[in-house]
S.K.: 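The structure follows.
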Amino acid sequence: MSADSDNKPAGKKSPAPGDSLDFIRSRITEDVAAGKNNGRVHTRFPPEPNGYLHIGHAKAICLDFGTAEEFGGLCNLRFDDTNPVKEDVRYAESIMDDVHWLGFDWGDRLYWASDYFQKLHDFAVQLIRDGKAYVCDLTADEIREYRGTLTEPGRDSPYRDRSVSENLDLFERMRAGEFEDGSRTLRAKIDMASGNLNMRDPVIYRILRATHHRTGDKWCIYPMYDFTHCLSDSLEGITHSLCDLDFEDHRPLYDWFLDELDVPCHPQQIEFARLNMSYTIMSKRLLRRLVEEGHVNGWDDPRMPTLQGLRRRGYTPKSIREFCSRIGVAKRESIVDVALLEHTLREDLNKHAPRVMAVLRPLKVIIENYPEDKVEMVEAVNNPEDPSAGTREVPFSRELFIERDDFLEDPPKKFFRLAPGREVRLRYAYFITCVDVIKDPESGEITELRCTYDPATRGGSAPDGRKVKATMHWVSAEHAVEAEVRLYDQLFTEENPLARDDFTACLNPNSLTVLTGCRLEPSLAAAKPRVRYQFERLGYFCIDSVDSTETTLVFDRTVTLRDAWARIQKKSGTKSN
RNA sequence: UGGGGCGUCGUCAAGCGGUAAGACACCAGCUUUUGGAGCUGGCAUUCCCAGGUUCGAAUCCUGGCGCCCCAGCCA
């Protein structure tokens, strides 16, 4: 069965010569060959615990943990928790849960940047002693002013030349809480005229009276990212520090701190393009807006690209890992077609999901020549892709439900499902022929179909060898279990929502369709959470982990099956959901 | 008139001077008791543009053009 127990990584596959490696793996291969770090490879995944992980993070996780594993190395999980006003343990817990779910493990190497606060402080003191850092009294606005612009150099802070002893004293008093929040900063003394703004005497410590989720009120000064990250990497013996393109400009600063200080090692930062995917957005900030403005029902809404959302929707960890491996790693910014994600998902689900019959929009069918009280059990294959999945019995009787979409009173040329006078096969059961269409006299809506069956076609084939064009799924009315089914479509109607002035303008009003009164084959009364089922001819579905109850079954559609008929309709201009 | 990156098929992406991998998508056919799955075939004479070097250039050189990122006491 297709539960989450299948979340084991594909296994270590070391890069072989001749393999087409991405530029990062090539670089690491070279480093190892050159004996750098004694051939050791050690990476880290460094999330800030200020939000939930999305599939873009999955790319980074697969890269960080994946390369380490491939090169026989290790990958640490380190929370970059240097800004207490934005962070919280509940995010950290969710992140750990997601990383495990994806199939990766950091062993006993769970670290927090906050664990290094004392060491970081000592490094800062060392910088001051060496005349490489100073306490600056400029306000935030003044610092900005002094920084200059993209095209003009900055000016030295008037506090830049304080003596070492004065800096030492002031920094110690900053730490002791003698000064107001924001009144002073500790800055690296680098170059106010650098073309790289990050090198214009960056702030490395700020005064911030906020209770930290791990260190409480022990500190009222907190180190900045640039100072913290490279030193944390070094302290952990990281060899390759992979991050996104945004940090390319920060690499000189990353290197500067490590060069100026007496550190255990000097990791190599390598930047790659982060993931963008069509019809969705990947920014934590914007995803937060979707949640806060109520466009979705929380971070784990199945339409969200968050790992929590994808997970609830029924995505498998394996399919996400496979996706990440197929999109590759490069420096070019791009938007990956979501169809590739759906492809790796179907690929996985097709192999493992048990098949089952379910009617989403029921249309009653009466088999006129079938005995009133008779019930037959027909044998159905659980998974044609996996004979070991066995078979099951499904009840057949005089009153059935079929899919409304499977009947058309006036069928167009390429429609070969049921129509008046036409014969089709009910999967695993009999051939039936539609002999009459019953309508509501008021609305004209079709309420029932009268059909006849051919007893000789039991099992689904005719002894006389005659063929039918269609095989349809069905459910016995008397035996069916009812359920609510939620259908999902892309959250946005445009490939790149960010190309819009306001991305919410292209939210898809039909991204969620709730269907009630769906009829499922009886075996689904015992449907298990975390198992993905294929509802034959419709798609893959799983129990909604949040809203499904013993009394009210709720299913989520993970993804549709590829649908040739839908494509034909689309071409001719009509469509359905 | 700053600094850092990037430009190869509709979308990702190999290629690293020897004559354009692969995947997704798409199209066609076969097959099929899921219009699913599977199988077969098709799909860049051309690599942002223009010059140059070379027997030979997507790969080297020169000059353009286009796109992205950076002016948080965020990460």
Side-chain angles (χ1 to χ4, degrees), chain A residues 20-22 26 46-48 50 80-83 85-87 136 138-140 143-145 147-154 181-187 193-200 202-208 221-222 224-226 228-229 243-252 271 273 278 284 323 326-344 346-347 350-351 355 357 380-381 384-385 414-417 425-429 431 457 459-461 467-473 495 534-539 560-568:
Chain A
S20 165
L21 300 179
D22 58 69
S26 302
E48 182 187 14
N50 71 341
D80 227 325
D81 57 344
T82 56
N83 186 358
V85 309
K86 291 188 176 176
E87 298 151 5
C136 181
L138 255 24
T139 65
I143 286 184
R144 191 178 315 119
E145 245 173 73
R147 187 158 32 225
T149 69
L150 292 178
T151 52
E152 298 155 15
D181 281 14
S183 61
R184 281 181 232 257
T185 56
L186 180 68
R187 294 226 257 165
S194 173
N196 181 344
L197 304 228
N198 295 120
M199 301 300 270
R200 318 242 263 227
V203 170
I204 58 183
Y205 262 95
R206 75 279 215 185
I207 305 172
L208 192 61
I221 56 172
Y222 291 96
M224 300 291 288
Y225 166 85
D226 286 304
T228 307
H229 204 83
C243 62
D244 73 72
L245 254 28
D246 287 356
F247 294 98
E248 210 150 20
D249 289 343
H250 295 242
R251 181 152 29 95
E271 312 83 11
S278 57
K284 245 190 237 182
F323 169 73
R326 291 212 208 171
I327 57 176
V329 183
K331 297 192 74 160
R332 179 187 324 154
E333 290 188 70
S334 58
I335 301 179
V336 176
D337 192 341
V338 67
L340 180 59
L341 211 212
E342 296 184 336
H343 175 262
T344 60
R346 290 190 183 106
E347 194 172 50
N350 175 50
K351 285 196 199 86
R355 270 60 168 177
M357 292 196 284
V381 172
E385 302 292 320
K414 287 181 178 166
F415 182 89
F416 47 81
R417 277 110 96 146
R425 168 168 41 232
L426 291 182
R427 182 147 228 227
Y428 301 125
F431 284 12
T457 58
S461 52
K467 303 288 184 198
V468 288
K469 280 283 262 200
T471 299
M472 301 179 359
H473 59 99
E495 284 192 21
Q534 184 193 104
F535 288 5
E536 291 215 31
R537 304 210 300 135
L538 298 174
T560 61
L561 250 27
R562 290 183 81 237
D563 187 346
W565 171 237
R567 270 179 283 148
I568 292 169

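A note on names: the letters A, B, ... follow the listed sequences, proteins ahead of strands, and every chain is numbered from 1.
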S.K.: Could you list the residues that satisfy salt bridge (Lys or Arg N to Asp or Glu O under 4.0 Å) with A/R187, not counting sequence neighbours?
M.R.: none

S.K.: Who passes salt bridge (Lys or Arg N to Asp or Glu O under 4.0 Å) against A/E248, sequence neighbours left out?
M.R.: A/K331

S.K.: Can A/F416 and A/W565 be said to form a ring-ring contact (aromatic ring centres under 6.0 Å, His included), step by step?
M.R.: CA-CA 10 Å; A/F416 47 81; A/W565 171 237; 7.6 Å; no

S.K.: Can you pull the side-chain hydrogen bond (donor to acceptor under 3.5 Å, both in side chains) pairs that have at least one residue in residues 332-341 of chain A, sequence neighbours excluded?
M.R.: none

S.K.: Assign A/H250 to base, sugar-phosphate, or nothing according to its heavy-atom contacts below 4.0 angstrom with the strands shown.
M.R.: base

S.K.: Between A/R326 and B/rC12, is there a contact of a side-chain N or O with OP1 or OP2 at under 4.0 Å?
M.R.: no

S.K.: Check every strand shown and say whether A/K414 touches a base, only sugar-phosphate, or nothing at a heavy-atom separation below 4.0 Å.
M.R.: base

S.K.: Could you list the residues that satisfy side-chain contact (heavy atoms from CB on, under 4.5 Å) with A/V468, not counting sequence neighbours?
M.R.: A/E423, A/R425, A/F431

S.K.: Between protein and nucleotides 38-44 of chain B, map the contacts as a letter string: B base, S sugar-phosphate only, - none, heavy atoms under 4.0 Å, written 5' to 3'.
M.R.: -------

S.K.: Choose from B/rC12, B/rG4, B/rA75 the nucleotide whose nearest atom is closest to any side-chain atom of A/N83.
M.R.: B/rA75

S.K.: Would you say A/R567 places a side-chain N or O within less than 4.0 Å of OP1 or OP2 belonging to B/rA25?
M.R.: no

S.K.: Which nucleotide, in any strand shown, forms a Watson-Crick or G-U wobble pair with B/rC60, with both distances under 3.5 Å?
M.R.: B/rG52

S.K.: Report the distance from atom CD of A/E333 to atom P of B/rU11, rounded to the nearest whole Å.
M.R.: 15 Å

S.K.: Indicate, yes or no, whether a donor-acceptor pair under 3.5 Å links the base of B/rU1 to the side chain of A/E152.
M.R.: no

S.K.: Base, sugar-phosphate or nothing for A/E342? Non-hydrogen atoms, less than 4.0 Å.
M.R.: nothing

S.K.: Just jot down the salt bridge (Lys or Arg N to Asp or Glu O under 4.0 Å) partners of A/D246, sequence neighbours excluded, or say none.
M.R.: A/R274

